[in-house]
Amino acid sequence: MAVPAISLPAKITPSKHPQFETFKHRLLRIADAGRLSGAISTLDLMSHRGIPADLLTYSSLLKSSIRSRDLHLGKLIHRHLLHSGLPLDAIVTNSLIALYSKCGDWDTACLIFDQMGANRNLVSWTTMISSAARSNMERTAIGMFCEMLELGFIPNEYTFCGVIQACSSSEFVWIGLVVLGFVIKTGFWREDVAVGSALIDMFAKNGDLCSARKVFDGMLVRNLVVWTLMITRYAQRGCGEKAIALFVGMCLDGHEPDRFSMSSVLAACAEVGSLQVGKQLHSLAIRIGLALDVCVGCSLVSMYAKCVFGGPMDDSRRVFEGMPEHNVMSWTALITGYVQSGHDEEALELFGEMIREGEIQPNHFTYSSILKACANLSEANIGEQVYAHVVKSGLTIVNFIGNSLVTMYAKSGRMDEARKAFEVLYEKNLVSYNAIVDGYLKNSNSEQAFELIHQIQGSDFGASAFTFASLLSAAASIGIMGKGQQLHAQLLKSGFESDTCISNALVSMYSKCGNIEDAVQAFQEMEDRNTISWTSMITGLAKHGHADKALELFHSMVAAGAKPNDITYIAVLSACSHVGLVSEGRKHFQSMKNDHGIIPRMEHYACMVDLLGRAGHLEEAIDFISSMPVKPDALVWRTLLSACRTHGHTEFGERAAREILYQEPDDPSAYVLLSNLYAMGGQWGKVAMIRSGMKEKSLNKEAGLSWIETEGNIHKFHAGDTSHRRSEEIYEKLDELATEIKRLGYVSDTSSVLHDVDDELKEKYVWQHSERLAVAFGLISTSALKPIRIFKNLRVCGDCHTAMKFMSMVAGREIILRDSNRFHRIKDGNCSCGDYW
DNA sequence: TTAGGGTTAG
């Protein structure tokens, strides 16, 4: 249908009415102050008295209604404009387009734009393109940009901003690169801050921080907004150190930080975990009068929470209490801080306080954090009560609340309920899938997990950098390297491979799948390394038993100026403990506190106990525990108990078990470790007592499970399993192996068998352990050239470890076993752990 | 007198 074009008047005759100037002045004042409700009555009064307003006034009023996104008032002004009978010029028509498109009435905007016909100018096109880009109609925006070019319009810096924004979506980045060619020719990217910002954002959103930085460095003019943008993107992409460095550069360049840049750099600082930098930023915020800003306040609360690593929340609390007013965000920031730093009970208390005060209603973020606290505490019952509140507030369709519910059930081991919550989710996203997959993995149901991973790949989430990172971590946790390699190949085509998060996920995937060589390669190929990259590599090397290389890499990390965090130190300490470098470990533990200001968490203390205990320094381990400034938790005692079991120290072992059971009376692992310890010493009476105690409490030892991937399928085995379709062949292979390795001198060590039964039966028990079934299956079903990769949910048993060394000799195959603790690379009768594990 | 860029909590 042809739409008649609006004809423009040759000249607008100015109003001659004596009161015109007075009213015009009043209207412009109203528009300036944004008090638009008065404008309509003034317009009414003017039309009543026969005083026409002019187009300039209407434009100002429209601009003001656009600024406040007030479509209702904008429409009233539009109606007045039509009644005035003034012939509309391009300027006021463009303002109308902007009004409707920015307020979400896209159809009306299009109608007005269509009616303009030949009178459309560059501003009309630009308005439409920018609005489409902002409303997630990237395809429309790009289509209009092309149409505009065909009509002969030359885009200016405003137009480029709009179209570049549209190209930020990963699907259209390739068009963005074509547009970049244009922009480079015009020089806009260097001279115009908005074009530069749009480009930086396009690259940053697609994970290419290097190109974003190149644009930033090439810009001739930089204002606070551009600096802030670059700082924010670094912070969001896990490059906290760079964000902080840039913030310093910004201040040196003479820009005083505002609430935006301050909030972002605080987030960066939280990510890096540097309390020292955080405190400096806090005092800067106080000096320049930003500390009382709500936004900055929230960032301070969460910065302190993240930087103390589970230590006291005093600083966060003080900032919160010093805030002049509280809103739902500040409450949520504090509650989330408590949850993130492991103070789940306090988080629940605070939530109760918030509800009791009743002035501020929790929102979806608050609920999500509280559900997480319930998950951590395995308090599914309280969680259900919280969820009742969610239902009442009508927030059930908020995706991540549903996800938190799934996580909560999954963490409490209630997988049926988790699955139900997952199935009824209003919208399933990757986080939902990750929550349920993770639940299945933790509860040893790899088939269900694997099936869901297939579903994820078949779904149309659209591959984003985040998708890849999640899929890689799913592949890593279950150990399906085939899937991980497929993802790696897809990544190379997708253009995400330069994303630091992705590269980190690749390093971790390869190392968790037992392929340390490819992990090292992925690490070496990285363009940008952050704390997580270094930490992942150090962890990988440590788990694979390359403690020397792990420590060497740690020194390179520090030399390269990257800042180790609490997790880095867990890797470093565990590297020392895996090879028994006791004094080196002690040194690192001191340096962590003294040189890097990292307050040790329970995990660090447990690492130290592990280091001392494994090396047989049990007395020192006990002394170390007594000297701890915080009350040792069950993890610390469990670590000691495990060391006592290794070294057969019954007295300390009993003490450790008492402490564990005092804190966690239903912990099956304490019973199992203790009964293993008694079994080692042949104290069968005590073993029987423990077992009957467990039976009374109906506690079950976590079942040992091993699995192996062949051609994308997971084959899972439990001890004595006969359910596999090739079970007969598997047992035949096992028998064959048994004969051969006994000839080579293998003698079965049955001390890990709990039962007081005769030796022959014990031998049968260990011989059918899940890891051996998996190895036998690997031998009959995989190529002789590749290593056999086995995964086990618990620690490998001593006898299986010995048997596998013999098996690697007779079969001439390398066996790579990942147990719950580390990797064992077994070749020609030797294991990379050096039998120290 | 019309068109463009940045912020906190999951």
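Naming: A, B, ... by sequence-line order, numbering from 1 per chain. Keep in mind that what you see is a predicted model, and the values were worked out from it rather than measured.
Note on A:Arg120: nothing from the nucleic acid sits closer than 4.0 angstrom, heavy atoms only. Heavy atoms of A:Val301 sit nowhere under 4.0 angstrom from any nucleic acid atom. Within 4.0 Å (heavy atoms only), A:Asp293 reaches no atom of the nucleic acid at all. Within the nucleic acid shown, A:Val296 has no heavy atom closer than 4.0 Å to any nucleic acid atom. Contact annotation for A:Asn121: no contact, since no heavy-atom pair falls under 4.0 Å across all strands.
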Donor-acceptor pairs under 3.5 Å, side chain of residues 289-298 of chain A to any protein atom, not counting sequence neighbours: which ones?
from, atom 1, to, atom 2, distance (Å)
A:Asp293, OD1, A:Arg259, NE, 2.8
A:Asp293, OD2, A:Cys295, N, 2.9
A:Asp293, OD2, A:Val296, N, 3.0

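A salt bridge does not link A:Asp253 with A:Arg222: none of the charged nitrogens is closer than 4.0 Å to a carboxylate oxygen. Under a 4.0 Å N-O distance rule, the pair A:Asp217/A:Lys214 does not qualify as a salt bridge.
Closest contact between the side chain of A:Asp258 and the listed nucleotides B:dG6, B:dG5, B:dA3 involves B:dG6.
Between atom NE2 of residue A:His364 and atom OG of residue A:Ser369 there is a gap of 11.5 Å, rounded to the nearest 0.5 Å.
For residues 133-143 of chain A, the set of pairs meeting the side chain to side chain donor-acceptor pair (under 3.5 Å) definition, not counting sequence neighbours, comprises A:Arg139-A:Glu171.
Rounded to a whole Å, the CG atom of A:Leu99 is 11 Å from the P atom of B:dA3. Taking atom OH of residue A:Tyr234 and atom P of nucleotide B:dG6, one finds them 18 Å apart after rounding to whole Å. Look at CD1 on A:Ile66: it is 6 Å from P on B:dA3, rounded to the nearest Å. Protein atom OH of A:Tyr58 is 18 Å distant from nucleotide atom P of B:dT2, rounded to whole Å. Atoms CG (A:Asn156) and C1' (B:dA3) sit 8 Å apart, rounded to a whole Å. If you take CG of A:Leu86 and P of B:dT2, they are 18 Å apart, rounded to a whole angstrom. Atom CZ in A:Arg67 sits about 10 Å away from atom P in B:dA3, given to the nearest Å.
The number of heavy-atom neighbours closer than 6.0 Å to CD of A:Glu359, taken from other residues, nucleotides and ligands shown, is 12 or below.
Taking the six-membered ring where the residue is Trp, A:Phe145 and A:Phe182 present perpendicular rings, their angle passing 60° and hence far from 30°.
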For nucleotides 7-10 of chain B, which of its nitrogen or oxygen atoms have a protein nitrogen or oxygen under 3.5 Å away, and what is each distance?
from, atom 1, to, atom 2, distance (Å)
B:dG10, OP1, A:Gln340, NE2, 3.0

